Amino acid sequence: MPATAGIGLKPEHYRGLLETTPSVGFLELHTENYMGAGGPPHRYLEALAEHYPLSFHGVGASLGGTSPLDRNHLDRWRALVDHYEPLLVSEHVAWTSHDGNALHDLLPLPYTDEALNVLCEHIDQMQTALGRSILIENPSRYIDFADNEMPETEFLTEAARRTGCGLLLDINNVFVSACNQHEDAYAYLADMDGDLVGEIHLAGHSLETTASGQTLRIDDHGSHVCDEVWTLYGETITRIGTRPTLIEWDTNVPSLAELVAEAGRADARAAAACDSPEVAHAVTG
Amino acid sequence: MPSLAELQTNFRSFLLTPAGSAPPHSLPAALRGSADENAERLAVYKNNLYSTLVDALAATFPAVERLVGEQFFRFAAHEYIAIHAPTSPMLLGYGHKFAQFLSRFAPAATVPYLPDVAELEFRWLEAYHATDAIAVDAARVAARLAEPEIAAGLRLHPSARLLRSRHPVSKIWELNRSPDPIENHTSIAAEPEHLLIIRPQATVEVRRVAPGAYAALEALAAGRSLLDAIAAARRTQPELDINEHFAALAAGETFCERE
């Protein structure tokens with residue numbers, strides 16, 4: 001997998017991507033959007049797979065849910081992975097379904113031993129179903145559970161250690177959660193074992209002021225990556241080296257050219273971060 | 001301390017309770033921080049859920065949204081979500097009961113053709129995502145029609161969907177599926193329609209067909225033989241030139257070999 005930044009695949013960019021084949025490292029898609037039997041989505045994806053490595057990012061497996069995983073859903077996942085052979089496969093540290101309802105939102109887990117056991121059992125089940133290891137992504141948080149028994153970084157690291165999965169480090173989510181919970185994003189990233197990180201996500205978010213005057217950062221993937229997140233990205237690359245990095249832009253989707261330019265900014269940031277003195281120091285000694 | 005399953009049950013009932021109502025007591029109690037602030041924070045999850053689902057419905061039913069306006073559509077969508085909360089992790093098929101819901105939704109009763117427009121839009125989506133298949137060409141279909149009693153069966157292309165309406169639903173849909181303004185003097189004859197919705201290649205087509213041809217397509221869709229399909233066409237529309245209609249349908253890649 002090239003360390004060059006990739007972009008999220010949007011239907012409005014299918015034609016533009018095929019006609020201009022811009023230089024991006026990979027295309028990432030929401031696996032659920034390609035679970036239809038045939039038709040244009042698969043025609044385009046097959047054509048694009050000739051030009052770009054693919055990354056399959058699931059949003060509906062509900063790895064953190066106490067209900068059993070949906071076997072049919074895992075079968076559809078398996079069929080897609082077998083057919084397209086994506087280079088990266090990922091899901092979320094969240095629950096999205098419960099007892100027959102699919103809630104279509106990445107819902108938060110308390111960081112307890114009980115939740116860790118549920119998550120690990122489901123990661124194992126998904127990895128077995130797909131016949132490969134997956135990456136799990138840190139969530140954006142708006143609330144915090146009173147029963148938390150460990151910090152999020154420990155929860156994720158332990159899940160990776162127990163199941164052999166890797167981590168998809170979403171730096172925008174780290175920043176959004178840290179701001180919303182009045183925590184330190186730098187401390188969070190310093191706690192993260194770089195060897196476990198297989199991919200990085202970058203995205204934009206919005207600010208909302210509530211009736212009581214709280215400022216909340218909302219992870220809506222609807223704008224440019226903000227300066228603070230770019231800085232955190234650079235520092236992370238300096239510390240752990242480059243990783244396949246995705247620009248996620250899912251609402252107010254920009255033109256293909258603007259999206260590709262944002263991926264170019266990620267590459268430039270990563271290159272600058274690799275030239276920083278700290279990396280040189282680490283390399284020489 | 002509630003179990004994780006209890007927590008998720010409480011969270012789910014909070015999310016699926018219509019917006020604006022207070023969260024059940026047990027959920028804020030499970031959170032760190034002030035109850036008032038947490039109520040606002042929990043609302044972020046509920047807003048995300050509803051905006052995802054309303055957006056998904058709006059993407060599937062753009063003509064319905066345009067016919068009733070964004071505000072009414074959002075109102076109808078929220079009512080639909082309250083009755084038909086999603087059960088599948090795929091959003092692709094969400095809205096399969098929206099037409100049926102609209103047909104019983106009293107506030108929409110003044111727009112009698114609305115459920116049929118919704119039905120057409122959902123079948124369009126089904127055709128779009130359906131399995132690919134290779135169609136048989138017109139010459140082979142003609143040869144089959146010449147000897148229907150001995151011919152191997154034909155089936156409809158897997159993307160084919162049928163819809164019959166008392167209203168000129170495809171014309172209403174065509175006028176309302178793009179955001180371009182509609183001219184004031186546009187008028188549509190109030191005629192019933194028989195529709196074939198099909199995606200033989202990359203593009204979904206909505207074709208108006210004769211009632212007799214529609215009866216034949218219905219028979220094939222039900223798995224019946226070519227002979228039965230021809231008989232159905234004759235019963236429905238004795239004067240119909242079946243060869244001519246089948247040739248036109250075959251040229252549009254409507255038929256496949258029966259497996």
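On a predicted model such as this, the values are computed, not experimentally measured, just so you know. A note on names: the letters A, B, ... follow the listed sequences, proteins ahead of strands, and every chain is numbered from 1.
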Spacing of L27(B) atom CG and I143(A) atom CD1 [to the nearest 0.5 Å]: 6.5 Å

Relative to chain A, which of L7(B), N38(B), V204(B) shows the most heavy atom pairs under 4.5 Å? L7(B)

Using heavy atoms and a sub-4.5 Å threshold, report which of residues 79-90 of chain B line up against chain A, by residue number. A85(B), P86(B), T87(B), S88(B), P89(B), M90(B)

Gap separating the CD atom of E40(B) from the CD atom of E208(A), nearest 0.5 angstrom: 8.5 Å

Provide the full list of salt bridge (Lys or Arg N to Asp or Glu O under 4.0 Å) pairs with a residue in residues 134-149 of chain A, sequence neighbours left out, each pair given once. R141(A)-D144(A), R141(A)-E152(A), R141(A)-E183(A), D144(A)-R32(B)

Of the backbone (N, CA, C, O) and the side chain (C-beta and beyond), which part of N180(A) lies under 4.5 Å from a heavy atom of chain B, both, or neither? both

First locate atom CG of D105(A), then atom NZ of K46(B), and finally report the distance between them rounded to the nearest 0.5 Å. 12.5 Å

Find the distance between CZ (F11(B)) and CG (L109(A)) and round it off to the nearest 0.5 Å. 10.0 Å

Top residue by heavy-atom pair count (under 4.5 Å) with chain A, among L16(B), T9(B), L31(B)? L31(B)

Against chain A, label S3(B) side chain, backbone, both or neither, depending on which of its atoms sit under 4.5 Å from a heavy atom there. both

Side-chain heavy-atom pair I218(A), N47(B) within 4.5 angstrom cut-off: no

How long is the gap from CD on Q214(A) to CD on E37(B), to the nearest 0.5 Å? 3.5 Å

Contacts of residues 52-63 of chain B with chain A (heavy atom under 4.5 Å): T52(B), L53(B)

Just checking heavy atoms, which of residues 125-135 of chain B are less than 4.5 Å from chain A? Y128(B), H129(B), A130(B), T131(B), D132(B)

What pair of heavy atoms forms the shortest contact from M35(A) to L92(B), and how long is it? C-CD1, 4.0 Å

The interface call for R12(B) against chain A, heavy-atom contacts under 4.5 Å, is both

